Undergrad: 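Could you have a look at this structure, given as structure tokens, before my questions?
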Amino acid sequence: MSARAEQRVRSLRQQIERHDHLYYTLGQPEISDRDYDALMRELEELERAHPDLADPDSPTSRVAKGLLTGFPTVRHTAPMLSLDNTYSLDEVAEFDTRVRKGLGRERIDYAVEPKVDGVAIHLRYEKGRFTLGLTRGDGERGDEITANLRTIRSIPLRLTGRNVPDLVEVRGEVYMETAAFQAMNARRAEAGKPAFMNPRNATTGSLKMLDTSEVSRRPLQMFVYQLLHADRHGIETHLEGLALARKLGLRVNPRNSIAHGYDDLRAQCEAWGDEWGSLPYGADGLVIKVNDLRDAARLGSTSKSPRWGIAYKFGTVEAETVLRKIDLQVGRTGVVTPVALLEPVLLLGTEVKRATLHNQDEIDRKDIREGDRVVLEKGGEVIPKVVRVVPGTGRRGPRFVLPSTCPVCGTTLTRDPEQAAVRCENLYCPAQVRRRIQYYASRGALDIEGLGERTVDQLVDAKLVEDPADLYDLTVLDLVELEGMADKSAGNLVRGIAASKGAPLDRLLTALGIRHVGNTVARLLAEHFRSLAALSEADEEALLEIPGIGPEIAASVVAFFRSKEGRSLVKRLVERGVKGKAPERRAAAAGPFAGKTFVLTGTLGMPREEAEELILRGGGRVTSSVSKKTDAVVVGEDAGSKLDKARALGVPTWDEPRFRAALREAGLRVS
Ligand code: IVH
């Protein structure tokens, strides 16, 4: 045996292992496939010429020779449990409460990880060598699939790093990326082989094959999601455990994160709602884990699942039921919506009896009719919806067509040209009246206790109220006439209604039900105008000065306060003492920007965003159009019409040196 050959073989193995790690684990290859193949070929040739240099962990030996005879079962060193699932953030909040109670702690740090949709595996490394790979099996015993796992290039055959512990055990997920899965199915189709249903099925099937050379051609990948026996490695938190695994050369999902307390956790869960579709692999939710391992151990497990973690699933679940009837509902703004009345069915623990069908287009597209068997879908935060009709079942009614007149007041309906919606334009339509008053009293608006939907229905039916202002004329004597209304509750209701007179202005503005004015816009309007009277006089230009208010909102607000109905309602409310309490003024900052409004125009020697940010930090505001209320226009190079307008209105203009001087004076530094 030549010492040269031995040295070269060792060097080649090291190089290939390093490139495998760069390519498969980190996704940052340094050499071309061709150069990699050349290294591999050279190694194969040398190993063939020098059989004495054989090594079971050589990169050439990922594929076992011949067929496997089966997969023996092996007992897990610790049971492999599964996680409790939830589909709703409310239940995530309950999980957090349980954890905090269990630990007697105010705030918990959680690891938040994509729940990769694949197959759970257990890996053991002894003295740095990959010696055992198991499936979950029944949780107590798993199938020994070491030979198949060895073919997965992101599972290192040898751990790396200086102080590799004698025993390392990790758990993780083997999966296929969506694109690789599709390409594999396309290749199979060409070869006349059946396609796999989904990446998870393909992964399960691949791991159970007896021909490892075939397994090695499947695009399998692996992420480690847990380091076992972390205490033996002096590790205190779950994420530190994963960091150690990464240091040892194992592949860990880079999208894992930490959430400090429930608010952060919730925000991260919500942020994932828009993002998970962009992952290159299927993920059906997030796994949330108590990060502190001592805390996790204290919480322990039930026989099925740990108390330290939960899977928050994004997905939806489906159920089948019969659509009994299509009903029509007239909303607060007059939009007429078809609603499916269903044979009650359980979905994610709630009984579903109704589902919106949105509009005629939606009904036509899905060809939904009374009597159909339909598939419903619901996610945790999502309102149930009818996804499709089950073909060939049920006694179908005729094609459903929305009526041309309002089902409540008979007014001819109009079709919103921009939307698929149809609308009843009669502001006095009893259905709209009802909904407006219900909305006025609702939680998000004036939150009048005791004034629920049923009571509003009774009041409208008895012709006691036609608009929210009438509420303030109600007496206990009026109310006790209503069925089921005791003296005491009548008294409480009158008091509750009276109390709403002193509600904050933003709540009142929300309650008016102006189109496009929800809580957030209402707050902006309240802070800016500070009284109902001031807001009702404002024109669109004045509204557009408020950051966050665009032309559509401005037009809608002005239209409301100029309409006969809007004016009359506001007047009658004010006469009854409903004014809306002005929000407290925020302490004004001092300095040249405090409380002032600026417009930027032309090109400045700093990015526009930075200039805006600095003004905001100095307590000022930046708007996009110049008006009399603008305190100064900051003028850069090539300024155009805004400069003209400032001059015409006599608004002060600042050139860049003047602006920079003001920034300095306010202690704000330009980067
Ligand atoms: S932790 C007690 N973390 O989801 C089980 N699981 O029931 C602890 N999964 O089949 C599992 N990604 O294979 C964990 N980042 C992740 C995961 C993950 C996917 C799978 C796991 C198991 C199921 C949870």
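Source: prediction; values computed, not measured. Both counts, for ligands and for their atoms, begin at 1 and track the order of listing.
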Undergrad: Could you check whether F181 and Y175 have their ring centres less than 6.0 Å apart?
TA: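 Y175 vs F181: aromatic centres not under 6.0 Å.
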
Undergrad: Quick one: closest heavy-atom pair of T337 and H358, and the distance?
TA: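 Scanning both residues, the minimum pair turns out to be CG2-O, 3.6 Å.
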
Undergrad: Ligand 1 and W308, any nitrogen or oxygen pair closer than 3.5 angstrom?
TA: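 Looking only at distances, the answer is no, because the N/O contact criterion of under 3.5 Å is not met.
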
Undergrad: So which bit of K289 gets within less than 4.0 Å of ligand 1, heavy atoms only: side chain, backbone, both or neither?
TA: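 Near ligand 1, K289 shows its side chain, while the N, CA, C and O stay back.
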
Undergrad: Which of the atoms of ligand 1 are close to P114, meaning less than 4.0 Å from one of its heavy atoms?
TA: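 The list of qualifying atoms is 12 (N), 15 (N).
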
Undergrad: Please say whether S82 places an N or O atom under 3.5 Å from an N or O atom belonging to ligand 1.
TA: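 Min N/O separation from ligand 1 is not below 3.5 Å for S82.
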
Undergrad: Short list, please: which atoms of ligand 1 are under 4.0 Å from a heavy atom of E113?
TA: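 Matching atoms, with element in brackets: 3 (N), 15 (N), 16 (C).
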
Undergrad: Can you confirm, on distance only, whether ligand 1 has an N/O atom lying under 3.5 Å from any N/O atom belonging to Q226?
TA: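 Between Q226 and ligand 1, no N or O pair is found under 3.5 Å apart.
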
Undergrad: Mark up the atoms of ligand 1 that fall under 4.0 Å of a heavy atom belonging to P306, in ascending order.
TA: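 Listed by number with element, the hits are 2 (C).
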
Undergrad: Please work out which of K304, E173, M80, R136 has its closest non-hydrogen atom nearest to atom 9 (N) of ligand 1.
TA: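 Considering heavy atoms of K304, E173, M80, R136, the nearest to atom 9 (N) of ligand 1 sits in E173.
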
Undergrad: Are any of the side-chain nitrogens in R251 or E173 under 4.0 Å away from the carboxylate oxygens of its partner?
TA: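 No, no charged N to carboxylate O under 4.0 Å.
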
Undergrad: Can an N or O of L83 be found at a distance shorter than 3.5 Å from an N or O of ligand 1?
TA: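 The answer is yes, given that L83 and ligand 1 share an N or O pair closer than 3.5 Å.
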
